Number of protein chains: 2
Amino acid sequence: MALSHAIMTALLEEDLSGYELAKRFDTSLGFFWCASHQQIYQELRKMAGKDWLSARSVEQSGKPNKVMYSLTKQGKEALDQWVLATGKVQPAKDDFLVKLHNVGHSDVAPILAELDGRQEASKARLDLYKRIRRKHYTKPKLLPDTQKGVYLTLLLGIRQEEHTQRWCDDARSLLRTVRAI
Amino acid sequence: MALSHAIMTALLEEDLSGYELAKRFDTSLGFFWCASHQQIYQELRKMAGKDWLSARSVEQSGKPNKVMYSLTKQGKEALDQWVLATGKVQPAKDDFLVKLHNVGHSDVAPILAELDGRQEASKARLDLYKRIRRKHYTKPKLLPDTQKGVYLTLLLGIRQEEHTQRWCDDARSLLRTVRAI
DNA sequence: TATTGATATACAAATATTTGCATATGCAAG
DNA sequence: CTTGCATATGCAAATATTTGTATATCAATA
């Protein structure tokens, strides 16, 4: 159950509502962990039930009311326990790589098309990450400790996307040598 | 439902039993898609029920009997349909990157330890991939079309692990500048 | 001959995740 | 004044995945 821990991690810095969390999972945390709002709202209530989080309703003007959650002492303890425990590495599941194994057995055209799409998406992410780095992480060593881990995930993302760009180019070259079925 | 498609992809080249498939998912295919034997056996029966696969029992001497599966015409059609459809990119979920966001909020020592573990594991994979490349994929352009996609996944894996190695070194440097809590 | 390890399959329960739907407020643009 | 968009939360059902357990064959080895 790591979604709960991802949520608690986000709550380390500030209290958030489900909606705000969902947005996090669309951006920063979402760079390497995605979750739908349904999952988040459900998980939040479950965690509040376990006293890992405390909830309070907040009246808003101009917007629907929201429920703000904060990490409790018990939640923090559970989180620390989890950080302490070494987890097993699980390879990412990637549809596209499965599809690549079909090259030579079915039409390459859609695979090339999907490759283009992925390269574009990766380029967009790369640009975004670089913008974030320029804005907030120019001097990693001078960062407060609480930001160093975040920076490292960003750095990983940047390198990941850079090598993805190169790989996509190489993959395209090779896939173009595949005869039509 | 992509596990079924990963299974059919493996069955493109040759008929396999559940046990043999499980081993595949521990190695080649498993580099980017993992599945437990429980899941595989269950999925195989489900797919046979949909007539995507045909099953036949094979008597063996010296070993328990096994059930061999082959891809049917309908299965191949379903697979082609899936290859044709563009899937959305879903970021990999990675516990460790969530843990990194906890740096500065809890003890770094276990995070550094986990980093070491990951680097070692990554190094082992890198060596394995390189051995495979040396043995089977020295001349990518001369490969039969059916092997080109497989090669590309291997290449991605190699680059992935190479950059992971560098990143782990950089991460360790920076994490060492974090004060104990 | 008792144990271990590899081969081979399977059930059941618990969790996690995705998909589809439902509801409601308030702003802005047409 | 109605449509669409962003905010905000939720239920229910279907799928997928993990975890734990169970069974059985045969080979090697201690």
Side-chain angles (χ1 to χ4, degrees), chain A residues 1-7 15-27 29-30 32-50 52-53 55-69 82 85 87-95 98, chain B residues 1-7 15-27 29-30 32-50 52-53 55-69 82 85 87-95 98:
Chain A
M1 206 195 318
L3 172 58
S4 55
H5 298 97
I7 289 174
D15 295 356
L16 294 166
S17 69
Y19 190 81
E20 288 159 348
L21 270 164
K23 272 191 300 182
R24 289 294 167 106
F25 281 97
D26 271 349
T27 56
L29 254 181
F32 53 89
W33 197 288
C34 54
S36 60
H37 73 270
Q38 291 91 334
Q39 223 184 318
I40 291 169
Y41 287 124
Q42 198 183 326
E43 194 67 34
L44 282 171
R45 270 169 285 143
K46 206 158 63 179
M47 293 165 73
K50 277 196 279 193
W52 284 3
L53 304 182
R56 63 175 197 287
S57 209
V58 174
E59 309 265 323
Q60 295 191 108
S61 63
K63 290 178 203 176
N65 297 343
K66 63 182 177 179
V67 183
M68 295 292 287
Y69 290 90
W82 175 75
K88 50 199 173 320
V89 192
Q90 51 208 327
K93 300 191 174 182
D94 190 331
D95 282 18
V98 176
Chain B
M1 206 196 317
L3 172 58
S4 56
H5 297 98
I7 289 174
D15 296 355
L16 294 166
S17 69
Y19 190 81
E20 288 159 348
L21 270 164
K23 272 192 301 183
R24 289 294 167 105
F25 281 98
D26 271 349
T27 56
L29 254 182
F32 53 88
W33 196 287
C34 55
S36 60
H37 70 271
Q38 291 91 336
Q39 222 185 319
I40 291 168
Y41 287 123
Q42 198 182 325
E43 193 68 34
L44 282 170
R45 269 169 286 144
K46 206 158 62 180
M47 292 166 75
K50 277 196 277 193
W52 284 2
L53 304 183
R56 64 176 197 286
S57 210
V58 173
E59 309 267 321
Q60 295 191 110
S61 63
K63 291 178 201 174
N65 297 343
K66 63 182 178 180
V67 183
M68 294 293 285
Y69 289 91
W82 175 75
K88 49 200 174 314
V89 193
Q90 51 206 328
K93 300 191 172 182
D94 190 331
D95 282 18
V98 176

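Bear in mind that the values here come from a model prediction, so they are computed numbers and not experimental data. Each chain gets a letter, A, B and so on, in the order its sequence line appears, and its residues count up from 1.
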Find the distance between OG (B/Ser4) and CG (B/Leu44) and round it off to the nearest 0.5 Å.
10.5 Å
Below the 4.0 Å mark, does C/dT17 have OP1 or OP2 next to a side-chain nitrogen or oxygen of B/Lys93?
yes
Give the nucleotide from the list D/dT18, C/dA6, C/dT19 with an atom nearest to the side chain of B/Ser36.
D/dT18
Would you tabulate the nitrogen or oxygen pairs shorter than 3.5 Å linking the protein to nucleotides 10-12 of chain D?
residue : atom : partner : partner atom : Å
D/dG10  : O6   : A/His37 : NE2          : 3.1
D/dC11  : OP2  : A/Arg45 : NH1          : 2.4
D/dC11  : OP2  : A/Arg45 : NH2          : 3.4

Just how far, in rounded Å, is P of D/dT19 from CD of B/Gln39?
11 Å
Nearest-Å distance, CZ (A/Phe25) to P (C/dA16)?
14 Å
Only counting residues at least two apart or in another chain, list the ones meeting salt bridge (Lys or Arg N to Asp or Glu O under 4.0 Å) with A/Asp94.
A/Arg118
Distance, rounded to the nearest Å, where A/Tyr19 contributes OH and D/dA6 contributes P:
8 Å
Could you check how far CE of A/Met47 sits from P of C/dT15, rounded to whole Å?
15 Å
List for me each residue that meets side-chain contact (heavy atoms from CB on, under 4.5 Å) alongside B/Phe32, sequence neighbours excluded, and say none if there are none.
A/Leu97, A/Val98, A/His101, B/Leu29, B/Thr153
Between D/dT9, D/dT18, C/dT7, which nucleotide gets closest to the side-chain atoms of B/Lys23?
C/dT7
Check side-chain hydrogen bond (donor to acceptor under 3.5 Å, both in side chains) between B/Asp15 and all other residues, then give those that pass, not counting sequence neighbours.
B/Arg56
Sequence neighbours excluded, the answer for side-chain hydrogen bond (donor to acceptor under 3.5 Å, both in side chains) partners of B/Glu20 is B/Ser17, B/Lys66
Separation of C/dT17 P from A/Ile7 CD1 (nearest whole Å)
10 Å
Minimum-distance nucleotide to B/Lys66 side chain [options: D/dT17, C/dA8, C/dT17]:
C/dA8
Measure from CG on A/Asp95 to P on D/dA16 and round the result to the nearest Å.
12 Å
Looking only at heavy atoms, which two atoms of B/Phe25 and B/Trp33 are closest? And how far apart?
CD2-O, 3.4 Å
What residues form a side-chain contact (heavy atoms from CB on, under 4.5 Å) with B/Ala55, not counting sequence neighbours?
B/Val67, B/Tyr69
In whole Å, what is the span from the CD atom of A/Glu43 to the C1' atom of C/dT18?
15 Å
Any B/Lys46 side-chain N or O less than 4.0 Å from OP1/OP2 of D/dA16
yes
Starting from C1' on C/dA16, measure out to CH2 on A/Trp33 and report it in whole angstrom.
10 Å
